[in-house]
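Worksheet: the structure to be examined is printed underneath.
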Amino acid sequence: MTDTGQMPAGGPGLPQERRLVTEIPGPRSREKYARRQQLVAQGVSTTLPVFVEAAGGGVLLDADGNSLIDLGSGIAVVSVGNAAPEVTARVVEQAQAFTHTCFMVTPYDGYVDVAEKLAEHTPGDFAKKSALLNSGAEAVENAVKIARAHTGRSAVAVFDHAYHGRTNLTMAMTAKSMPYKHSFGPFANEVYRAPMSYPFREPVSISGREAADRAIDILDKQVGAQNLACVVIEPILGEGGFVVPADGFLPRLREWTEEHGIVFVADEIQSGFCRTGDWFACDHEGVVPDLVTTAKGIAGGFPLAAVTGRAEIMDAVHIGGLGGTYGGNPVACAAALGAIEAMEKHDLPARARALGDLMATQLRAIADQHPVVGDVRGRGAMMAMEVVGPDGRTPDPVRAGAVSAYCHQHGVVTLTCGTYGNVLRLLPPLVMPEQLLTEGLGVVAEAFDATR
Ligand SMILES: Cc1ncc(COP(=O)(O)O)c(C=O)c1O
């Protein structure tokens, strides 16, 4: 808070600098964290216990006056920057007009405008429709409902290392037990898992098409193509470790689903909205899904998610079968229209490619110095390093955690991920100034030196 008791202003006007005035976390954050510990369930975790009071561009300003470099974007959400002017202006205007009617009761333009933008930017040149929801998990659940209604089949195929959310159905679809599923079963049935293409961890090198055929063979023999309503896949794995499948994997899967009338659902919740250097990660290989799920980057930090896809599949559901009280809330829709305007105006796919080139160069330089970096991978501004032991393969989550902790103590917000917890992932806001990103990556390099 400022001396007048107001929150300090955020947005791109904040000085774009790393500035530490206390240890991390500082005394005010520690005090606030003690209160949080008393009042907030421990199941809700905290990566870095600094309390944020303002943010913008590529920095977070904490309660002690520290300015931290943000390499996480609130888990791939504020791609347009925190408190982006295009978002806040529309949010204020909408909030002053009305905050809720429930679209299912009395509609409004913002919802339809977001559906129009989704139809324009998602892959595929055909008539599309959308349903708007509140969270990524809800979007994935709805995609499955739509695919089941369309096909009259029940089975759902997902992949090793997948992350699709924390609701009951999406827990079943998510691969990793701890912390996402442990002690929460029983899970929804009719969910089947196939092997993913994970180039760094293949026992022998295989092509993308071969990896797809390996998955197809298992699904065909163990589930039966005729029983599958949908295949749900992240075109680049998010929580599972930023794994980019080998070229040809997604196109071959798409080909097979088309042959068998299986709905191909691309979960672009983490990879979508310019993050990978295209509007959607599927665009890279020209893969056109039947349905796309989106959330995170769509609305500059407001809770909004969507299922978008072929009009005839979306309309397989009876009237009243989709929706929810808050889905497509007018303020969240206004935020999305502002965020999409910013992506178009500032050509954020191009920015993601530029930041991606910069990251790839710096991360490869770190890998050259440190054999514990087994793999540098990703696309655009969705980049990661997989940390391994001296044998070049065994996952080393302890070292990855130590590197991340060093970054936090030195004013850089980093996140880890991966089935083995050994992947350091980097997701800067796409509006981050390049010199700030370079400085942040310099701290990452120092972290590897310091934790030798
Ligand atoms: C690929 C993917 N799908 C689904 C989800 C779930 O989204 P939410 O946390 O908004 O429910 C996430 C969240 O990380 C995700 O990365």
Side-chain angles (χ1 to χ4, degrees), residues 43-47 72-79 122 131-145 147 156-176 179-181 184 187-188 191 193 196 198 230-245 250 264-276 280-282 287 289 291-308 324 326-329 332 335-336 339 378-384 415-419 421 423 425-427:
V44 182
S45 61
T46 297
T47 301
S73 296
I75 321 189
V77 171
V78 286
S79 300
T122 51
L132 303 187
L133 299 314
N134 302 296
S135 69
E138 214 190 329
V140 173
E141 290 243 359
N142 277 275
V144 171
K145 281 162 63 172
V156 174
V158 292
F159 289 83
D160 284 336
H161 313 288
Y163 182 86
H164 296 294
R166 296 171 182 264
T167 57
N168 189 265
L169 173 59
T170 57
M171 275 194 292
M173 296 169 70
T174 288
K176 191 172 172 176
Y180 307 124
K181 303 166 74 163
F184 299 145
F187 303 113
V191 174
R193 197 169 302 285
M196 182 66 186
Y198 191 157
C230 54
V231 164
V232 183
I233 186 160
E234 299 160 85
I236 297 179
L237 292 178
E239 306 304 297
F242 281 29
V243 175
V244 183
L250 293 172
F264 186 97
V265 183
D267 180 346
E268 293 254 16
I269 286 165
Q270 191 150 166
S271 57
F273 281 107
C274 313
R275 176 54 55 190
T276 62
F280 291 91
C282 277
V287 169
L291 301 180
V292 181
T293 55
T294 53
K296 289 193 183 279
I298 189 175
F302 282 76
L304 189 74
V307 186
T308 303
Y326 297 113
N329 166 272
R379 192 182 301 142
M382 183 172 182
M383 293 294 297
L415 304 171
T416 55
C417 66
T419 296
V423 177
R425 61 170 151 173
L426 302 167
L427 291 160

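All ligand and atom numbering here is 1-based and tracks the order in the structure. Just so it is clear, the values below take in all heavy atoms, side chains as well, and ignore hydrogens, waters and symmetry mates.
Looking at R166 against ligand 1, nothing comes within 4.0 Å, counting heavy atoms. Neither the backbone nor the side chain of E138 has any atom closer than 4.0 Å to an atom of ligand 1 (non-hydrogen atoms only).
With ligand atoms numbered from 1 in the order given, ligand 1 contributes 14 (O) to contacts under 4.0 Å with heavy atoms of E239. Interface atoms of ligand 1 facing A137, defined by a heavy-atom separation under 4.0 Å, are 6 (C), 7 (O), 8 (P), 11 (O). Applying the 4.0 Å criterion to heavy atoms of S135 picks out, from ligand 1, the atoms 10 (O), 11 (O). The contact set between ligand 1 and E234, taken as ligand atoms under 4.0 Å from a residue heavy atom, comprises 1 (C).
Looking only at distances, no side-chain donor or acceptor of T293 sits under 3.5 Å from a matching main-chain atom of V140.
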Requested in this report: Check the pair M173, V144 against side-chain contact (heavy atoms from CB on, under 4.5 Å), reporting the backbone distance first and the verdict last.
Outcome: CA-CA 11 Å; M173 296 169 70; V144 171; 4.0 Å; yes
Query raised in the report: Given the rule in the side-chain contact (heavy atoms from CB on, under 4.5 Å) test, do Y163 and L237 qualify, once you have shown the distances and angles that lead to the verdict?
Result: CA-CA 8 Å; Y163 182 86; L237 292 178; over 6 Å; no
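Side-chain contact between S73 and R275 is present, with at least one heavy-atom pair separated by less than 4.5 Å. When side chains are defined from C-beta on, Q270 does not count as touching I236, because their heavy atoms never get closer than 4.5 Å.
Sorted by first and then second residue, the pairs that involve residues 231-242 and meet salt bridge (Lys or Arg N to Asp or Glu O under 4.0 Å), not counting sequence neighbours, are E239-R425.
Of all protein heavy atoms, the one lying nearest to atom 16 (O) of ligand 1 is Q270 NE2, 2.9 Å. The protein non-hydrogen atom at the shortest distance from atom 10 (O) of ligand 1 is G136 N, 2.8 Å. Closest to atom 3 (N) of ligand 1 among all protein heavy atoms lies D267 OD2, 2.7 Å.
Enclosure of atom OH in Y326 is not indicated, since only 12 or fewer non-hydrogen atoms of other residues, nucleotides or ligands lie within 6.0 angstrom.
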